[in-house]
Protein chains: 2
Amino acid sequence: MATCARCGKELVLPGRGRRPLYCSRSCQARAYRARRSVVVTPVREQRGEAGLSRELIVRTAVRIADADGLESLSMRHVASALGVKVMSLYNYFAGKEELIDLMVEAVFADGLDSGPPIRGGWRAELEAAARWEWEIYSAHPWLLEVIATVRPPLVPSLLARFERGLGAFDGLGLDPVTTHRLYLGVSGLVQGLALLRVSEIAAGRRGGGISLSQWRAVTVPAVYEKLGAGRYPRQSALRDSPDVLADLEEIFTINLRIMLDGLAGFVETA
Amino acid sequence: MATCARCGKELVLPGRGRRPLYCSRSCQARAYRARRSVVVTPVREQRGEAGLSRELIVRTAVRIADADGLESLSMRHVASALGVKVMSLYNYFAGKEELIDLMVEAVFADGLDSGPPIRGGWRAELEAAARWEWEIYSAHPWLLEVIATVRPPLVPSLLARFERGLGAFDGLGLDPVTTHRLYLGVSGLVQGLALLRVSEIAAGRRGGGISLSQWRAVTVPAVYEKLGAGRYPRQSALRDSPDVLADLEEIFTINLRIMLDGLAGFVETA
DNA sequence: AGGACATGACGTACATCGTAAGGAGGCAGA
DNA sequence: TCTGCCTCCTTACGATGTACGTCATGTCCT
């Protein structure tokens, strides 16, 4: 009397080979899913057949996150953008976290190998790395939300970028730990300034249909007013200054220069 | 024939005064809630009566967020920590966003007026402001998540901090726009480096019960391995370096010094 | 004194989220 | 034709934020 290889129920039909037997196709499918663990092998994709694929799903998810922000990146949203039902996505990813990991990987890998390595000494190389990171956060603001809320995305392409950034310090005679610290500083400055853009964009989205400047025009004076006119003279002096979002490139440029100046002093004395 | 002041239905009983009349207690309550708009006036609280209060709720929410992170800050969680049902909280806040605003306000206001203003020139003042911001993000890692995902929290205490920070540049002869840019640079560096801590902590929480170092020990070599041993020599050299989390104070100190050095050069030539 | 209003705690209900569990059926090889 | 591999699907669950309405208190005016 043979039994089902998964649920143990007795089988009416005796098995003919030495393969496992299942009491139903459901039991068989479930055993299959348990067997293949987390890593999905996209077979159809290799054969170039139509239908879903990890890459297609990731591209769609990135497009949604770019346009509407991370908060509207729901599995249902992605699925419906692909004309597919939600649970179909789970044939390609273990869950939303893995999808986001792959989104990060895809974005950081984009253009990774393009162009020759920058020449011109550590300063030019570092500046190039910083500008590249800056532009990625500009194009994909959700990246910083992921970094801030979810995890340090230890994806290969990010490690590659990191490695290239560390390489800027080659030949300066610094020890690895110091190199690491310095590069984290430059990268931190970029990320911190990029946060300005992210939060401004998020604020704009939150304001409903109104533009950012309209939103600011409403709330900022209200806050100032509530606290007394003369209490914040320095910020009041900024009322007619360019909007932070409009001034962002200038802010980035001037502060990157300052940081690199400081670094120059450091490597000279070291 | 009088009508309900809210829903317009005809009333059977004619009104006797000139007050608005309502067709039911529900209509009256709803009109009341609409009338008091967003700002809630906590009357009981003033009288020192027991029960809920905005401040108590905010304190509880901050405690939860400090301990378990922003993602486990749910209204139900806060309510149950207070021994209260969920909807009771909505008598004190328009919604979760307002609660979070007040959490930010409370945290930034804490210790705002303590101590005399720092003397010792712009550099000492800036450094003090940066260190203070750094410590706040250390104590309340969820703050950066709020900044990154939700909104620029234009709460009064934050504006006050900002104003004080801008004040460090007083007397240097810089124009307001430049001052603004420079301060955003220092603050950006602090926030960017603080992101390191936030993401490390989030990663640790994500790993379930295991500690951060255990998690790293598992995943980081796995990533390295998958990509070939010699492909990331500079990061491989860091394998035995102190953990980022352990090294964070050093990373902050050295990079703040570098940034301030760069700033010194800037203000001298300006 | 009596009734209208202010205030706050609560129950119910709903849409949306991630995703676990399992079923239906196309496909390829035996 | 059968069997296992693989994909897509339906159903369902628990958690979330919160709209709406109800009830029980106070408080105050007449």
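The sequence lines fix the lettering, A, B, ..., with proteins before strands; numbering per chain opens at 1.
- What separates NE2 of A:H77 from C1' of C:dA15 is a distance of 16 Å, to the nearest Å.
- For the pair B:L102/B:Y92, no side-chain contact is recorded, criterion being any heavy-atom separation below 4.5 Å from C-beta on.
- A 4.5 Å side-chain heavy-atom check between B:Q191 and B:W134 finds every atom pair outside the cut-off.
- B:L89 places its CG atom 13 Å from the P atom of D:dT16, with the value rounded to the nearest Å.
- In this structure, B:F162 and B:L184 have side chains that are in contact, with non-hydrogen atoms separated by less than 4.5 Å.
- Across the protein-nucleic acid pair, B:E71 atom CD and C:dG18 atom P stand 14 Å apart, rounded to whole Å.
- In this structure, B:F108 and B:W132 have tilted ring planes: the angle between them lies in the 30° to 60° band.
- Whole-Å rounding puts the B:I64 CD1 to D:dT16 C1' distance at 15 Å.
- Here D:dT18 is the nucleotide among D:dC9, D:dC8, D:dT18 with the atom lying nearest to any side-chain atom of B:K96.
- Side-chain proximity of B:K85 to the nucleotides D:dG17, C:dA20, C:dG11 is greatest for C:dG11.
- Residues B:V198 and B:W142 have side chains not in contact (no heavy-atom distance under 4.5 Å, counting atoms from C-beta outward).
- Rounding to whole angstrom units, CG of residue B:L73 and P of D:dA15 are separated by 17 Å.
- One can place CG of A:L82 at 13 Å from C1' of D:dC8, the figure rounded to the nearest angstrom.
- At a threshold of 4.0 angstrom between heavy atoms, the contacts of A:V84 are confined to the sugar-phosphate backbone, with no base atom among them.
- The side chain of A:S74 lies closest to C:dG18 when the candidates are D:dC8, C:dG18, D:dG17.
- For B:Y90, taking side-chain heavy atoms from C-beta onward, the closest of the listed nucleotides D:dT18, D:dC8, C:dA9 is D:dT18.
- Remark: P of D:dG17 and CD of B:E98 are 15 Å apart, rounded to the nearest angstrom.
- Counting to the nearest Å, the P atom of C:dG8 and the CG atom of B:L56 are 14 Å from each other.
- Nearer to the 5' terminus of DNA chain D, by closest-nucleotide assignment, is the contact made by A:S88 (compared with the other of A:R76 and A:S88).
- Base engagement by A:M87 is indicated by at least one non-hydrogen atom pair under 4.0 Å involving a base atom.
- Of the candidate nucleotides D:dT10, D:dT7, C:dC10, D:dT7 has the atom lying nearest to any side-chain atom of A:N91.
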